[in-house]
Amino acid sequence: MSDLKSKTVTASAPAKVILFGEHFVVYGQPAIVLAIDKRASATAQMRKDTRISIDSGDLGVAGIFKGERYQAKKGGIKGRVKLEPVRSVILQVLERAEKKKGIDVHIQSDIPVSAGLGSSAAVATSTVLAVSTLLGMELPKPEIFRIAYESERLVHGTPSGIDPAISTYGGALQFQRDKDFVNLNIEANIPLVVGNTEVQRSTGELVARVRQMNDKFPSIMRLMVVTSARIASEGVEALRTGNLQTVGTLMNINHALLCAIDVSHESLERLVHTARKSGAYGAKLTGGGGGGCMIALAEEKKLGKVMAAIQKAGGTAFQARKTDEGLRLER
Ligand code: PMV
């Protein structure tokens, strides 16, 4: 018994970037999403009482939930909202286990937060795996996805499910509303630089802005939606054959379409253009836009130069590659 009390389980899950199709996915077209080699991890341990304690180094927030009561340890009372999604997945796992136990969860992450890189989903899925394993359960991946998705729904309203799916399964996924996501089994190495403008934005507001555009110019929007679908399907073809130059050109076209629906931002334009000028095959905003992150695809040997150019233009940047490793237990 004392053994179980001191036992810890750690699980980790990857971040993501959207390669093609953001925003247009809301109108039923495919989005192509890649898991990248930045990860978040959750370490779970039993408590002697029935409280839930969560500590997130990256958010600078820690606290203890006793029923509905919250006691802040770090980050003040306002930190509670940041920890609610993690608490929600822990409660869902405890409910499935039919156990009334106290759990400590410690979160660590390499993934920039609030940047559209899927950090909260990576935290949610790794927490589900760590806590369920600690409780002796073997939850299948679709079940882990569902729990993380449910917690996202509580927090964000109507999320598309892209983030919990990619953090659970890894690799490259094609995602389309009301359809099962498809694992694309892309073998090519996809060398990327991710540039973060550090400009805060709300994905919900940008989705609403696009909705207004759609209401005002429905027939133009329809053509752009169809174009986005074509870009995604030609993009998948180019990824399958490993033709990165074509992938890059299609990223540029996709970015132009995202500018047309007014979700780019001057900070993104700066980074996208500097990346192209420094030799990238292509560059585009990724995710909601309006700030947040962009991605550049480049030959392996040019990655350093592209990254330096993005940094010089005012962004924070890191190199990333597709990873096929989704959610996993750490030994
Ligand atoms: O900013 P992110 O990574 O959460 O991406 C949002 C993607 C959108 O297509 C803009 C919205 C959605 O729910 O799919």
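Whatever order the structure lists ligands and atoms in, that order sets their numbers, starting from 1. If you read the sequence from its start, that first residue is 1, and numbering goes on from there.
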So is V207 polar-close to ligand 1, meaning N/O to N/O under 3.5 Å? no

As an exercise, identify every atom of ligand 1 less than 4.0 angstrom from a heavy atom of V25. 9 (O), 14 (O)

What atoms of ligand 1 come within less than 4.0 Å of a heavy atom belonging to G116? 1 (O), 3 (O)

With a 3.5 Å distance limit and no angle check, can you tell me whether R39 reaches the backbone of S12 through a side-chain donor-acceptor pair? yes

Would you say CG of D180 has more than 12 non-hydrogen atoms from neighbouring residues, nucleotides or ligands within 6.0 angstrom? no

Between S53 (side chain only) and I64 (backbone N and O only), is there a donor and an acceptor less than 3.5 Å apart? no

Any N or O of G287 that comes nearer than 3.5 Å to an N or O of ligand 1? no

Distance under 4.0 Å to a non-hydrogen atom of H23: what atoms of ligand 1 satisfy this? 8 (C), 9 (O), 10 (C)

When you measure from atom 7 (C) of ligand 1 to each heavy atom in V33, D163, I18, which option holds the nearest one? I18

When you check the side-chain N and O atoms of E198 and T316, is any donor under 3.5 Å from an acceptor? yes

Is the side chain of H23 donor-acceptor paired with the backbone N or O of G288 at a distance under 3.5 Å, no angle test? yes

Just jot down the ligand 1 atoms closer than 4.0 angstrom to any heavy atom of E22, in number order. 9 (O)

Heavy atom of R201, distance to ligand 1 below 4.0 Å: yes

Taking atom CD of E187 as the centre, report whether more than 12 heavy atoms of other residues, nucleotides or ligands fall under 6.0 Å from it. no

